[in-house]
2 protein chains.
Amino acid sequence: MVVDTAKSRHDEQVTQRLGYELPMLLLAAFRSVVDELHAELALSGHEQARPIDGFALQAVGPAGVTISELGRRLGVSKQAAAKTARRLEDIGYATRSPHPADGRAQVLTRTSRGEEMLALSAEIFDRLHRRWAGQIGPDRLDALETDLEAVTRSTSTTWIGDLPGWLH
Amino acid sequence: MVVDTAKSRHDEQVTQRLGYELPMLLLAAFRSVVDELHAELALSGHEQARPIDGFALQAVGPAGVTISELGRRLGVSKQAAAKTARRLEDIGYATRSPHPADGRAQVLTRTSRGEEMLALSAEIFDRLHRRWAGQIGPDRLDALETDLEAVTRSTSTTWIGDLPGWLH
DNA sequence: CTATCTAGACAACCAAGTTGTCTAATTTCT
DNA sequence: AGAAATTAGACAACTTGGTTGTCTAGATAG
């Protein structure tokens, strides 16, 4: 690892960009994707959908999940998971039913409206993805994704369930 | 559903990546940068620093700022800005002093510890940036940044003061 | 010189998380 | 089989970072 700060800054050949711009670019790009997703979702009748909802519904999975397990999957406390579950119920994306085998537990399941939202999201993401490919070129987009994955994987313990804390 | 890692490791331009992976990659990359920043900051005696603090201090600027103006710069209400200001004071990154010309107003100014934190952050970001360059190549990193900027700029009204809502 | 506008404080509230305590149901262990 | 330990989920109180709404005091425009 090369960390000769004074020297390597001087004859570093390519990048004029300062280090702090990178996180800004990443966040802005993320925001732009998510904002567009929700703008489109709103146009298709899912005005109440928020970024966490899609993520949570994904964690619910096609087979449904108990509250506690949802908490584990999302990396939050079961109390927080219970609130999320209630929210998903309130906006009609999930329902609760008693667990067939465990008398303490309840199963949270996606409703068809929840499934619809997920399907729509997938479509919109694909469309955005194609638009990016059109703007910067499919090869560049591929490189971008490959590189992001490589760099992220190498450094981070980033357990994906850790993400929701960053969504609102 | 799961990424075909074996195939995408090869540099071929065959992207079967689904659209929804892109935002995940962006968020994971952002998180990895920010998490590492704060891990390093903590090692240098800034364990209380949180992502918003650096952003807010940046908005304070070298000349200082009033609470209301801080709110405007960050894109939040002045009440929220007042809370942020109090937090910055509490952890020793800023101080409040009466405004010389306006009897109603107060000026929030960075302390030397605040300046130190910013300087440290810049260093750490630069180091991370160089590490990325080492991992994926400076040309690829340059392309990545250029592309992110291009795609983001084209779509978004992304007023930068809008960002803090996404930081915790 | 009044009328309006603005800075910032205070309060009540919201949203999404946290911990801590509790009951009831299920497991596990002897 | 029965006691002990674990687990599911509810309820409550608190934290953080935001929001409105109301207020006073100082600045500014007519």
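In what follows, every chain begins at residue 1, and chains take the letters A, B, ... in the order their sequences are listed.
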Are L128(A) and F55(A) co-members of a hydrophobic cluster defined by side-chain heavy atoms under 4.5 Å apart?
yes
Tell me the interatomic distance from H99(B), atom NE2, to dG8(C), atom C1', rounded to whole angstroms.
13 Å
Salt bridge present between R72(A) and E69(A) (N-O < 4.0 angstrom):
yes
Is there a donor in the side chain of H46(A) and an acceptor in the side chain of E116(A), or the other way round, less than 3.5 Å apart?
yes
Heavy-atom pair with the smallest gap, counting every atom of A81(B) and L70(B):
O-CD2, 4.0 Å
What is the nucleic acid contact for A85(A), judged by heavy atoms within less than 4.0 Å: base, sugar-phosphate only, or nothing?
nothing
Mind checking whether R110(A) and L118(A) have side chains closer than 4.5 Å, heavy atoms only?
yes
Between dT26(C) (P) and Q106(A) (CD): distance, integer Å
13 Å
Rounding to a whole Å, what distance do you find between R72(B):CZ and dT6(C):P?
9 Å
Nearest-nucleotide comparison on DNA chain C, the residue closer to the 5′ end among I67(B) and K83(B):
I67(B)
Hey, is the side chain of Q79(B) pairing donor to acceptor with the base of dG17(D) inside 3.5 Å?
no
Where do S68(B) and K78(B) come nearest, in terms of heavy atoms and distance?
OG-CD, 3.8 Å
Within this structure, what is the CZ-to-C1' distance between F55(A) and dG17(C), rounded to whole angstrom?
15 Å
Nearest-Å distance, CZ (R87(B)) to P (dT15(D))?
14 Å
Nearest to the side chain of A80(B), which nucleotide is it out of dG18(D), dA16(C), dG8(C)?
dG18(D)
To the nearest Å, give me how far apart NZ (K78(A)) and P (dT6(D)) are.
13 Å
Just so I know, are the side chains of E40(B) and S44(B) near enough to count as touching, which here means a heavy-atom distance under 4.5 Å?
no
Whole angstrom value for the distance that separates P of dA8(D) from CG of L108(A):
15 Å
Using a heavy-atom cut-off of 4.0 Å across all strands, would you classify A56(B) as base, sugar-phosphate, or nothing?
nothing
From the options dA7(C), dT18(C), dA8(D), select the nucleotide whose nearest atom is closest to the side chain of S77(A).
dT18(C)
Looking for any heavy atom pair under 4.0 Å, which part of the strands does R96(A) touch: base, sugar-phosphate only, or nothing?
sugar-phosphate
Has S68(B) got a side-chain N or O lying under 4.0 Å from the OP1 or OP2 atom of dG8(C)?
yes
In degrees, rounded to 10°, what is the bend between the two ends of the helix from dC1(C)-dG30(D) to dT30(C)-dA1(D), using five pairs at each?
10°
Can you tell me the distance, in whole Å, between the CD atom of E69(A) and the P atom of dA8(D)?
9 Å
Tell whether R104(A) reaches the base of dT26(C) with its side chain through a donor-acceptor pair below 3.5 angstrom.
no
